[in-house]
Structures are given as C-alpha cells and as structure tokens.
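Structure, as structure tokens:
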Amino acid sequence: MKSQQLVKTAARAVAILGVMVLATMLNGSSPVQAQDNQEVLPTDEASEVEIGLRISPVPLNLAGKNLNLVGLGSYIVNAVSDCNSCHTGGGPPNFNYAAGGNPYFGQPQKTDPTVYMSGGQDFGPTVPPATPGAYAGPDIISRNLTPDKTGLPEGGHTLAQFKQIMRTGIDFDRLHPTCTQVRPTPEPPNCIPAPVDGDLLQVMPWPTFSHMTDHDLDAIYEYLSAIPCIEGPADPTNPLHNDCG
Ligand code: HEC
C-alpha cells in the first residue's frame with residue numbers, strides 16, 4: 001500500500017471509529033448526524049453489481065429488468081445472505097451444490113441450478129415438545145422463491161408484500177397459524193403451539209434482514225424476478241408447487 005493510501009485508510013478508520021463512539025454515546029436515541037467535513041465513504045456498488053452478475057448460478061431473464069438492481073440483488077443473495085443454503089430443494093449429500101461441485105468435499109464450487117431457490121429444506125418443528133410425544137406442530141419448510149408464470153417471484157408476491165415479509169416476517173400464506181387449542185385435537189389444522197407466533201415465518205432470518213435498506217430489498221426482488229421458474233412438486237395443492245405456465 002502506498003503511504004498516501006495508508007494515510008487515507010487510517011483517516012477513514014478514525015472517522016468510522018468517531019461515528020461508532022458517537023453512536024455509542026447516543027445509544028441509539030437519535031440517528032447519527034452526518035458531519036459537514038466528514039469524508040463521504042465510497043460505495044463499492046459497481047463492483048458488487050459486477051460480482052453479482054458474474055456469480056449468479058442460473059441464467060437470468062433480463063427482459064424489462066434493471067441490470068444494476070439484478071446484479072446487486074445477486075450479490076446480496078449469492079455472496080452475502082446465503083438464501084439458497086436454506087431455500088434450495090437439494091438434499092444430502094450435496095444439498096445446494098451440484099454433484100462433483102461440492103466445495104466441502106474439496107471440489108470446485110458449483111451450485112445445482114435445478115433446485116436453486118425452489119425450497120423444500122425441512123427444519124423440523126419450531127420448538128421441541130414440552131413433554132416427549134406432546135404435539136409439536138408442523139415441520140418448518142423453506143419456500144419456493146422462484147418466479148411463477150406471472151413473473152412475480154416467491155409465490156407471486158408483489159414488491160410491497162416482499163418488503164413487508166422481509167421487515168416483519170409476516171406469513172401471507174398462513175401455512176401454520178397459532179393453535180387455538182392443542183387438546184384433544186390441535187386446531188386449526190397444521191397449527192403451531194404458543195408461545196410461537198404462527199403468523200410469523202420461523203427459521204427465516206427476517207429479524208436480521210429487516211435492517212436492510214429499501215434499495216437492497218428492491219435489488220433482491222429484482223434478482224428473484226430474473227431467475228428461472230422451478231415447478232417443484234407436481235401436486236398443485238403443495239405450497240412448494242409453482243405454476244411456471
Ligand atoms: C436459515 C435459513 C434461511 C435463510 C438463510 C433464508 N431463508 Fe427465507 N425462509 C426460510 C424458511 C424456513 C421459510 C419458511 C418459514 C415458515 O414456513 O415459517 C422462509 C420463507 C421466506 C419467504 C416467505 C415466502 C412466502 O411465500 O411467503 C421469503 C420471501 C424468503 N424466505 C426470502 C428469503 C431471502 C430473500 C433470503 C436471503 C436474503 C432468505 N429467505 C434466506 C429459511 C431461510
């Protein structure tokens with residue numbers, strides 16, 4: 001590193017530290033105000049877009065799409081948030097990777113495009129039953145996020161709904177409502193016993209994703225609209241089924 005660069009980097013580190021100290025002092029009571037003399041931190045979005053477009057493991061339908069948003073979305077989905085590790089339809093031994101492309105086996109990394117983002121990973125029940133054999137509720141299964149024949153991603157949800165999902169965890173499909181009773185028969189069907197709030201998506205890291213910017217969520221949605229549709233199970237009543245048209 002050239003000495004000039006080193007000074008710049010050091011100055012930037014001091015500036016960031018200053019903001020962090022200030023933020024700690026304010027203890028989140030009010031947003032930190034930008035200082036007039038503060039150097040604007042460079043955004044690396046152009047390189048993120050470039051990486052995103054390069055690493056997408058599936059061909060992209062870019063017709064009518066904003067290329068920069070698609071690229072940024074791919075970067076967030078494939079390089080940062082690991083959405084496909086949970087939302088893949090692939091099982092053991094390679095899960096989201098193609099045969100011969102499993103990096104954990106020391107093989108060159110290749111994601112399996114045939115199950116990419118199509119859901120179906122089973123995480124078991126939300127909470128272990130209080131007593132052995134007691135009702136635990138349904139298994140939590142990741143959803144099919146690929147676009148359907150309307151072109152809308154993740155089960156035909158709009159951008160506004162997608163943002164609400166990512167910010168609040170709301171389950172618009174109501175696949176597992178909270179039980180109104182557990183004995184003698186759990187009601188309603190497929191219910192989750194309290195204290196779990198069955199209106200909220202479980203396992204899905206929405207509490208973390210809720211902090212993403214609007215721009216990031218726009219980008220993820222644009223990317224998820226550009227990936228190929230995967231039909232999933234042929235049974236149209238299966239929540240993982242997607243109508244590819
Ligand atoms: C740790 C595993 C995990 C990761 C990582 C993950 N998800 Fe999920 N996601 C799930 C599960 C499980 C569900 C279904 C939860 C349920 O049924 O309660 C879900 C549900 C969703 C839903 C709701 C779908 C619908 O039809 O309503 C969306 C949207 C979603 N995830 C998007 C994403 C995106 C985008 C990312 C990456 C930025 C991501 N998820 C990363 C596990 C995960």
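In each ligand, atom 1 is the first atom listed, and ligand 1 is the first ligand listed.
With a 4.0 Å heavy-atom cut-off, ligand 1 is reached by the side chain of Phe209 but not by its N, CA, C or O. Neither the backbone nor the side chain of Gln121 has a heavy atom within less than 4.0 Å of ligand 1.
For His157 against Leu152, the heavy-atom pair with the smallest separation is O-CB, 3.9 Å. Shortest non-hydrogen contact noted between Thr213 and Arg167 is C-NH2, 3.6 Å.
Applying side-chain contact (heavy atoms from CB on, under 4.5 Å) to Ile230 and the options Pro147, Pro113, Cys244, Ser118 leaves one that passes, Ser118.
Residue His176 places at least one N or O, backbone or side chain, under 3.5 Å from an N or O of ligand 1.
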After noting the C-alpha distance and the side-chain angles of Asn94 and Tyr104, does the key distance pass the side-chain hydrogen bond (donor to acceptor under 3.5 Å, both in side chains) rule?
CA-CA 9 Å; Asn94 295 311; Tyr104 296 101; over 6 Å; no
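In terms of protein heavy atoms, atom 26 (O) of ligand 1 is closest to Asp173 OD2, 3.1 Å. Ranking protein heavy atoms by distance to atom 29 (C) of ligand 1, first place goes to Glu154 OE1, 3.4 Å. Summary of contacts: the protein heavy atom closest to atom 15 (C) of ligand 1 is Gln202 O, 3.2 Å. Nearest protein heavy-atom neighbour of atom 14 (C) of ligand 1: Ile141 O, 3.5 Å.
In this model, a donor atom of one side chain and an acceptor atom of the other lie less than 3.5 Å apart for Glu45 and His215.
Protein N/O/S atoms found under 2.8 Å from atom 8 (Fe) of ligand 1, listed by chain and residue number: His87 NE2, Met204 SD.
Residue contact check for ligand 1: Met166 places a non-hydrogen atom closer than 4.0 Å to it.
Look at Asp216 and Lys163 and you find no salt bridge, because none of the NZ, NE, NH1 or NH2 atoms lies under 4.0 Å from a carboxylate O.
Screening residues 135-166 for disulfide (SG to SG under 2.5 Å), with sequence neighbours left out, gives no hits.
Taking the six-membered ring for Trp and thresholds of 30 and 60 degrees, Tyr223 and Tyr116 have ring planes more than 60 degrees apart, a perpendicular arrangement.
A continuous path of ILVMFWY side-chain contacts below 4.5 Å connects Leu72 to Leu67, so both sit in one hydrophobic cluster. In the hydrophobic cluster analysis, where Ile, Leu, Val, Met, Phe, Trp and Tyr join through side-chain heavy atoms closer than 4.5 angstrom, Leu175 is grouped apart from Met204.
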